[in-house]
Each structure stands twice: as C-alpha cells, then as structure tokens.
A.B. asks: 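Got a structure for you, written out below as structure tokens; questions coming shortly.
Each ligand, and each atom within it, is numbered from 1 in the order the structure gives. Just so it is clear, the values below take in all heavy atoms, side chains as well, and ignore hydrogens, waters and symmetry mates. Not measured: the values here are computed from a predicted model.
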Amino acid sequence: MPHPMNHFPILDGFTPLEPLPRLAEHLGMKSLWIKRDDLTGLMFGGNKLRKLEYLIGDALSKGCDLVITGGSPQSNHARLTAAVANKAGMETWLCFAGRHMGMRQGNLLLNHIMGATMFTTGVYGSNNLYQAMKEKAAEAEKEGKKPYTIPVGGSTPIGDYGYLRAWKELEEQREMKQIPPFDEIYVAAGSGGTIAGLLAGIHLYPQKTNLMGISVWESKETLYQEIQDFTSQLLSWLGHDQAVSMDALQLFDQFIGKKYGVPSEAGNEAIRLLARLEGIMVDPVYTGKALSGLIDRARKGLLKDKHVLFWHTGGTPAVFTHASSLSQDEA
Ligand SMILES: *Cc1c(COP(=O)(O)O)cnc(C)c1O
C-alpha cells in the first residue's frame, strides 16, 4: 500500500484497549471492551487527532502557515485542529455555523485559551460552511498567508486514512493481547469519515466484524451514501479500484434524540452508567448517544453471546456545556 509520506505525529503508540467487566455484567453481556480514542494525547484528545496527523502533515508539506476549518461552535474537530496547528507552529481560523457562538465554555473556552481566531458565518450545513471557509481562505491569501482548508469533521481521504491506520492498530493490538476478533464494534457517526476509514481497513485487512454506526446527526440513508463515497474515495486514492463492500456496516439513526447537539435521556443515562461502573466519561453529543445504542441492543438481549467493542471517539470537553441537563436527578 502506498503510504502517505506526510505525517505529523501526535499519538505515541496505541491507545488503550481495555475490558469493561462491570458494565458487561450489568448488561448481561459475555464480553465488552473499549478502545480509548478519547486518550489520543493532545488537548483532551478525541478521534479527530488521528485524522489531523495526516491533514496537518499534508499542510506542512505544502508550506502552509494557516489552517482554516469549522463546524458547530462546540466542534471537537475545531478544538483539536487548533491544538495540532499550535503544535505545528501554524495559525488557526475557525468558521462556526450560525450567528452566535454561545457560552465561552467547553471547546469554545479551549479555543479561546489556545488563541484561535474565531468567526461566525451565519450559515449552516457542511457544504455552506466549506464555502465560507473558502472565502476566508481567499481573504487570507490577499494578506499574504498560505491557508490550508479542512472540511467539517476532517473527512477527506487524507483525514480518513488515519482511521484505516486505526483499524490496523486494533488488529495488531488484538493479536498481541490474544483477544479474538470482535463480533460488533460500536462507533458514533457524525460526518462519517471515521467509519469510512474503518470500513476501508476492513476491506484491506478483512475480518469477520460488523461495524455498528450510531448516527448523532443524519438519517441512516444519507449517512450510508456519505460513508460509501468517503470509503471509495479513500480506497481509490490509495490505488485500490475495486468496488467497496458495505456488508460489514449497519447504521442506526434512532438514538439521535431530539436533534444533533441536544442531549437525549438515554444518552445521559449511558453517561452516568459508564461513569458509575467503570470511571470513564463519555459525552452527551456523540459518545453517550453511541453508547446508548449499544445499551439498548444489550437490553433487548441481542448482545448476550457477542464479543463487543465500544470505540470511544472522545468529545468529553462538551460535558461542561451541558451541566444543567447532566446535573438533573435521574428519573
Ligand atoms: C467528530 C466526532 C465523531 C464522529 O466522527 P466522524 O468522522 O465525523 O463521523 C464521533 N465522536 C466524537 C467525539 C467526535 O468529535
């Protein structure tokens, strides 16, 4: 496989792969594990760092001195882009959806502390935001800067490649620890690039594993199309032209709750359960909802004899922007 040359290293070795015996027992499951991509090493961690190792590597190789990206004001991707850009000695401009950034808490507080330049755009949706970033990039060029623009979620073939590598990491780690292949792997899905990278990994290094993508944002039909496109873009960028098999993928959109960014009852319950049984934090926007999908299936008896992995993708700074919802007493 051709290896992208340009890699800006952030992760130092493998992220932990650990059993969750107390949660497994509580849910009546045979085997439950967690992959700790919340511990990826910079500014509270998260899945976006695996993408940014290659995206910022690419930016540096092109001689860029400014990174432009965006998302919602509480975007984990925006926060981690600012962190990696600072480490690489580049400037960061963040373009946020809507007209108001909201409370300077969580990710927004961290961006402020890191000295990122932040803008509101008045627009919503990944494509409109990308357009707004492109306009900012044109302004920056007029000022003599060399901008590198990253779409929402860092989901490009270069970024998603980080999760192809993560699949390989999991396989190596499993073999070293003599852990059998997982039957099901649960992952939160936003823009879809993380799952696309993992699917490409399964395509190149096959394994009898089902990827269970829990959408926090879009319908499963829309998400499926995006993941399929991202996966085939990544594989053809790597020189593999055969059609991708989507057989390993199952998507769920019934755990979104009211909408993206709004905590759900089941998600908050999942947050409390993992914190109380295992001392690990998940977040109300992504990973809590993904875990609520796993819990729902376990309670329906579907995971009793399964060997299951929950892939923790980070997002924990968002917890502090949802203090009022999370501090209510449970029903
Ligand atoms: C961005 C994000 C995801 C989703 O990753 P995508 O590649 O956009 O699907 C999941 N969890 C957390 C915490 C995230 O920040």
A.B. asks: Starting from atom 5 (O) of ligand 1, find the nearest protein heavy-atom neighbour and note its residue, name and distance.
C.D. replies: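 Nearest protein contact, heavy atoms only, for atom 5 (O) of ligand 1 is Asn47 ND2, 3.1 Å.
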A.B. asks: Do Thr194 and Asn47 have side-chain atoms, one donor and one acceptor, less than 3.5 Å apart?
C.D. replies: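 Side-chain D/A pair, Thr194 to Asn47: present.
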A.B. asks: Within the 3.5 Å criterion, strictly below it, is a donor on Lys51 or Ser155 matched to an acceptor on the partner's side chain?
C.D. replies: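 Present: a donor and an acceptor within the cut-off.
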A.B. asks: Any nitrogen or oxygen of Ser191 lying under 3.5 Å from a nitrogen or oxygen in ligand 1? Just yes or no.
C.D. replies: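 Yes; at least one N/O pair falls below 3.5 Å.
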A.B. asks: Regarding ligand 1, does Thr194 bring an N or O atom to under 3.5 Å of one of the ligand's N or O atoms?
C.D. replies: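 Yes - when backbone and side-chain N and O of Thr194 are compared with those of ligand 1, one distance drops under 3.5 Å.
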A.B. asks: Polar-atom distance check: Gly192 versus ligand 1, any N or O pair below 3.5 Å?
C.D. replies: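 Between Gly192 and ligand 1, an N or O pair is found under 3.5 Å apart.
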A.B. asks: So, Trp311 and Thr313: side-chain donor and acceptor under 3.5 Å apart, yes or no?
C.D. replies: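 No, because no side-chain N or O of Trp311 sits under 3.5 Å from a partner of the opposite role on Thr313.
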A.B. asks: Below 4.0 angstrom from a heavy atom of Gly315, which ligand 1 atoms are there? Numbered from 1 as shown, please.
C.D. replies: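 Those of ligand 1 that fall under 4.0 Å from Gly315 are 13 (C).
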A.B. asks: May I have the step-by-step check of side chain to side chain donor-acceptor pair (under 3.5 Å) for Trp167 and Glu169, ending in yes or no?
C.D. replies: CA-CA 5 Å; Trp167 170 257; Glu169 172 179 315; over 6 Å; no
A.B. asks: May I ask you to check whether Lys51 has an N/O atom sitting below 3.5 Å from an N/O atom of ligand 1?
C.D. replies: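 Among all N and O atoms of Lys51, at least one is under 3.5 Å from an N or O of ligand 1.
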A.B. asks: Are a donor atom and an acceptor atom from the side chains of Thr222 and Ser219 found within less than 3.5 Å of each other?
C.D. replies: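 Yes, because at least one side-chain N or O of Thr222 sits under 3.5 Å from a partner of the opposite role on Ser219.
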A.B. asks: Just checking, is any N or O donor in the side chain of Thr15 or Lys35 under 3.5 Å from an acceptor N or O on the other one?
C.D. replies: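 Yes, side-chain donor-acceptor contact under 3.5 Å.
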A.B. asks: Compute whether any side-chain donor of one residue and acceptor of the other, for Arg297 and Tyr186, lie under 3.5 angstrom apart.
C.D. replies: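 Judged by distance alone, the side chains do pair up.
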A.B. asks: Under 3.5 Å, N or O to N or O, is Asn76 touching ligand 1 that way?
C.D. replies: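 So ligand 1 has an N or O lying under 3.5 Å from an N or O of Asn76.
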A.B. asks: Judged by modelled atom types alone, do Asn107 and Asn76 share a side-chain donor-acceptor pair under 3.5 Å?
C.D. replies: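 Yes, Asn76 and Asn107 have a side-chain donor paired with an acceptor closer than 3.5 Å.
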A.B. asks: Below 3.5 angstrom, do we get any N/O pair linking Gly190 and ligand 1?
C.D. replies: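 Between Gly190 and ligand 1 (N or O atoms, distance only) the closest approach is under 3.5 Å.
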A.B. asks: One residue to check: Val187. Relative to ligand 1, which of side chain, backbone, both or neither has a non-hydrogen atom less than 4.0 Å away?
C.D. replies: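 None of Val187 does.
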A.B. asks: Could you tell me the residue and atom name of the protein heavy atom closest to atom 11 (N) of ligand 1, and the distance to it rounded to 0.1 Å?
C.D. replies: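 It is Thr313 OG1, 2.6 Å.
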A.B. asks: At a 4.0 Å cut-off, with the gap strictly under it, does some heavy atom of Lys48 reach an atom of ligand 1?
C.D. replies: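 Flag set, Lys48 near ligand 1.
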